[in-house]
Number of protein chains: 2
Amino acid sequence: MPAPAPHPSAANLIASCGGRVTRTRIAVLEILQHSQRSLNHDDIAAALAADGLPHDRVTLYRTLDWLVEQGLAHRIIGPDRARRFKAGGETGSQHAHFHCDRCGHVLCLESIKTDERFELPAGYRPERAELVFHGTCPDCGRLRAAKT
Amino acid sequence: MPAPAPHPSAANLIASCGGRVTRTRIAVLEILQHSQRSLNHDDIAAALAADGLPHDRVTLYRTLDWLVEQGLAHRIIGPDRARRFKAGGETGSQHAHFHCDRCGHVLCLESIKTDERFELPAGYRPERAELVFHGTCPDCGRLRAAKT
DNA sequence: GAGATTAATGCAACATTGTAGCATTACGGC
DNA sequence: GCCGTAATGCTACAATGTTGCATTAATCTC
């Protein structure tokens, strides 16, 4: 088994899950890997279109669901109740997210783990926690500071 | 002005916001006040129907938006990307929520405040935080324990 | 209390996001 | 290259939320 690289080849990752290595899966996973922020369906469909690839809505849903199921990507549900995706599995690296109210982007805060213990009332058996901050991201904060 | 009660009259609360005191608003706010858990649109529409009141979908959306806007209720977006509502304002009492994966209910964890300080990377300016736990609620946990 | 004013409602149509069924395509084993 | 089947790409549908506009009814003025 090759040593884990920051971004192992998308095709290798897909093959190692036992699934077929298709154009769509490779393209979608690479798009997610190359993005700093989380992407929604429209973002990904647009990226696929830019690459001249087919971008059927249903196929995209199924491809993304499959990637999440295989642990190759993780899903965040934003306040606009739309799903956003990012490369990298969810289990083992539970982290917080940041939603910028200005640009609408969702970023991962890998440094903030959500598996730390919270004091829940008796009886509750939490299995995972979702922590989402809302506010202004560094980019938008800089823009505002520059304007003021 | 009367002293603040645990649940001041719904009509009084509505009037104090400067809005018109209508049957629908009173009924919706009372339904929310009397519920321990957060309710989605279907829950509320069903409760209105049970009271023999009209329950137009659009009116319900607008009524709930208005209540949230006035700070008389707050909104949580669940993992099923449906909105859930509960009486009581959001500002000033930011708290965590618990989503039960078994029964699907969303409960408020008033004891866990989300305005405590987290260590965010430089540049981020958070204004509020959303903390949602997923797992088994006390009720479902008891049922499972009884069965096992 | 009667009439006027206009916020709130109720209806129809539409927009967005996600699913289901099924025929066709193309990946991977031979 | 051929075949079996997973994956795709349609179409149609479901769930949730929004917009526009005519009607109703809560409040104000008298």
Side-chain angles (χ1 to χ4, degrees), chain A residues 9-31 38-46 48-49 51-70 72-85 99 104 106, chain B residues 9-31 38-46 48-49 51-70 72-73 75-85 104 106:
Chain A
S9 140
N12 282 352
L13 280 172
I14 291 164
S16 70
C17 289
R20 287 193 182 173
V21 183
T22 66
R23 277 191 313 169
T24 304
R25 285 183 178 168
I26 295 173
V28 170
L29 185 50
E30 283 180 344
I31 287 165
S38 61
L39 303 172
N40 60 27
H41 276 87
D42 276 347
D43 295 330
I44 299 169
L48 286 173
D51 290 352
L53 288 164
H55 47 285
D56 176 62
R57 230 157 48 88
V58 177
T59 301
L60 191 46
Y61 275 106
R62 289 196 274 231
T63 301
L64 287 166
D65 283 347
W66 186 84
L67 290 174
V68 170
E69 202 177 299
Q70 302 301 320
L72 298 179
H74 65 279
R75 171 168 33 212
I76 314 128
I77 296 194
D80 54 353
R81 77 188 171 288
R83 300 178 177 172
R84 289 157 195 281
F85 296 85
H99 175 266
V106 175
Chain B
S9 142
N12 282 352
L13 280 171
I14 291 164
S16 70
C17 289
R20 288 192 181 171
V21 182
T22 67
R23 276 190 313 168
T24 305
R25 285 184 177 168
I26 296 172
V28 170
L29 185 50
E30 284 180 344
I31 288 165
S38 62
L39 303 172
N40 61 27
H41 277 87
D42 276 346
D43 296 329
I44 299 168
L48 286 174
D51 289 353
L53 288 164
H55 45 289
D56 176 62
R57 231 157 47 87
V58 177
T59 301
L60 192 46
Y61 275 106
R62 290 198 273 230
T63 301
L64 287 165
D65 284 347
W66 185 85
L67 290 174
V68 170
E69 202 178 298
Q70 302 301 320
L72 298 179
R75 172 169 31 212
I76 315 129
I77 296 193
D80 55 353
R81 78 190 167 290
R83 301 177 177 171
R84 289 158 196 282
F85 296 84
V106 175

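To find a chain, count down the sequence lines: A is the first, B the second, and so on, and within it residues start at 1.
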Item to complete: Find out whether B:H41 and B:Y61 are in side-chain contact, i.e. whether some heavy atom of one side chain is under 4.5 Å from a heavy atom of the other.
Response: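 Side chain of B:H41 against side chain of B:Y61, heavy atoms only: contact under 4.5 Å found.
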
Worksheet item: Can you tell if the side chain of A:H74 reaches within under 4.5 Å of the side chain of A:V68, non-hydrogen atoms only?
Response: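 Answer no - side chains too far apart.
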
Worksheet entry | Exam field: side chain B:S38 to backbone B:V106, donor-acceptor pair closer than 3.5 Å |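 It does hold such a pair.
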
Discussion item. I need the A:L48 CG to A:I31 CD1 distance, nearest 0.5 Å.
Written reply: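 Rounded to the nearest 0.5 Å, the CG-CD1 separation comes to 4.0 Å.
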
Discussion item. To the nearest 0.5 Å, what is the distance between CG on B:L29 and OG1 on B:T24?
Written reply: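 Between B:L29 CG and B:T24 OG1, I get 12.0 Å after rounding to 0.5 Å.
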
Worksheet entry | Shortest non-hydrogen contact from A:C17 toward A:W66 |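 Between these two residues, the closest heavy atoms are CB-CH2, 4.1 Å.
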
Discussion item. What is the first contacted nucleotide of DNA chain D and what is the last, in 5' to 3' order, if contact means an atom lying under 4.0 angstrom from a heavy atom of chain A?
Written reply: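 Here the contact window of chain A covers D:dG4 to D:dG17.
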
Worksheet item: Per the side-chain contact (heavy atoms from CB on, under 4.5 Å) rule, which among A:N40, A:L64, A:D65, A:I76 passes with A:R83?
Response: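 In the set A:N40, A:L64, A:D65, A:I76, the residue that makes a side-chain contact (heavy atoms from CB on, under 4.5 Å) with A:R83 is A:D65.
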
Practice prompt. List the protein contact pattern of nucleotides 18-30 of chain C with one symbol per nucleotide (5' to 3'): B for base contact, S for sugar-phosphate-only contact, - for none; contact means a heavy-atom distance under 4.0 Å.
Written response: BBBB----BBS--

